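Working notes for the structure below.
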Amino acid sequence: MSVTAIGLVLVSAFVHAGWNLLGKRDGASTAYFFVACAAGAAVIAPMLLVWSASVVRMPAVVWLYLIPAGLFQGLYFVGLAGAYRTGDLSVAYPVARALPVLMVPLVRKAKDDHLSVASMYGSIVPAVWSFMLAARSRGLG
């Protein structure tokens, strides 16, 4: 892995952890997450100009998928804000991250998509680990 990639991963990890800690500390509301996402979008928006040729070549179906993805992301932030206000970060965050991981294979199965054993383990293992972390932080494990 290149030094640039490692640097980007480290910056991303610290920003991600930092904004979640700030969200918990500040009693995050839905408005808090909206402002945080809007600020991130404003910072990244100039990149659309840099790569405008690639953006216009994206298939229309991509833009159609962005609508439900945005709605589900908004729903996630509403739930996360509620969990942060009423619960412990060490419980709310692992559970919030594990549920979508479990939903993907369930949706694929509902659509009669084939699920390999590797994809099942790839979904179940991180989700179980997240639930174990949440239980352990509550003194249950």
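All figures in this text were calculated on a predicted structure; none of them were measured in a lab.
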Legend entry - All side chain to side chain contact (heavy atoms under 4.5 Å, CB included) counterparts of Val78, not counting sequence neighbours: Thr30

Legend entry - Residues forming a side chain to side chain contact (heavy atoms under 4.5 Å, CB included) with Ser12, sequence neighbours excluded: none

Legend entry - Rounded distance [0.5 Å steps], OH in Tyr76 versus CZ in Phe33: 7.5 Å

Legend entry - Contacts of type side chain to side chain contact (heavy atoms under 4.5 Å, CB included), residue Val128, not counting sequence neighbours: Ile124, Met132

Inset, instruction - Under the side chain to side chain contact (heavy atoms under 4.5 Å, CB included) rule, collect the residues that match up with Thr4, sequence neighbours excluded. - result: Ser2, Leu8

Inset, instruction - Is it possible for you to say whether Val55 and Leu66 belong to one hydrophobic cluster, with membership spreading through side-chain heavy-atom contacts below 4.5 Å? - result: yes

Legend entry - Single-linkage hydrophobic cluster Ile44~Leu49, side-chain heavy atoms < 4.5 angstrom: no

Legend entry - Residue list, side-chain hydrogen bond (donor to acceptor under 3.5 Å, both in side chains) with Tyr65, at least two apart or on another chain: none

Inset, instruction - Could you note down all residue pairs passing side-chain hydrogen bond (donor to acceptor under 3.5 Å, both in side chains) where residues 104-118 supplies at least one of them, sequence neighbours left out? - result: Ser116-Ser119

Inset, instruction - Please answer: with hydrophobic residues joined when any side-chain heavy atoms are less than 4.5 Å apart, are Met58 and Leu48 in the same cluster? - result: yes

Legend entry - Which atom of Ser123 lies closest to which atom of Val101, heavy atoms considered: O-CG1, 3.2 Å

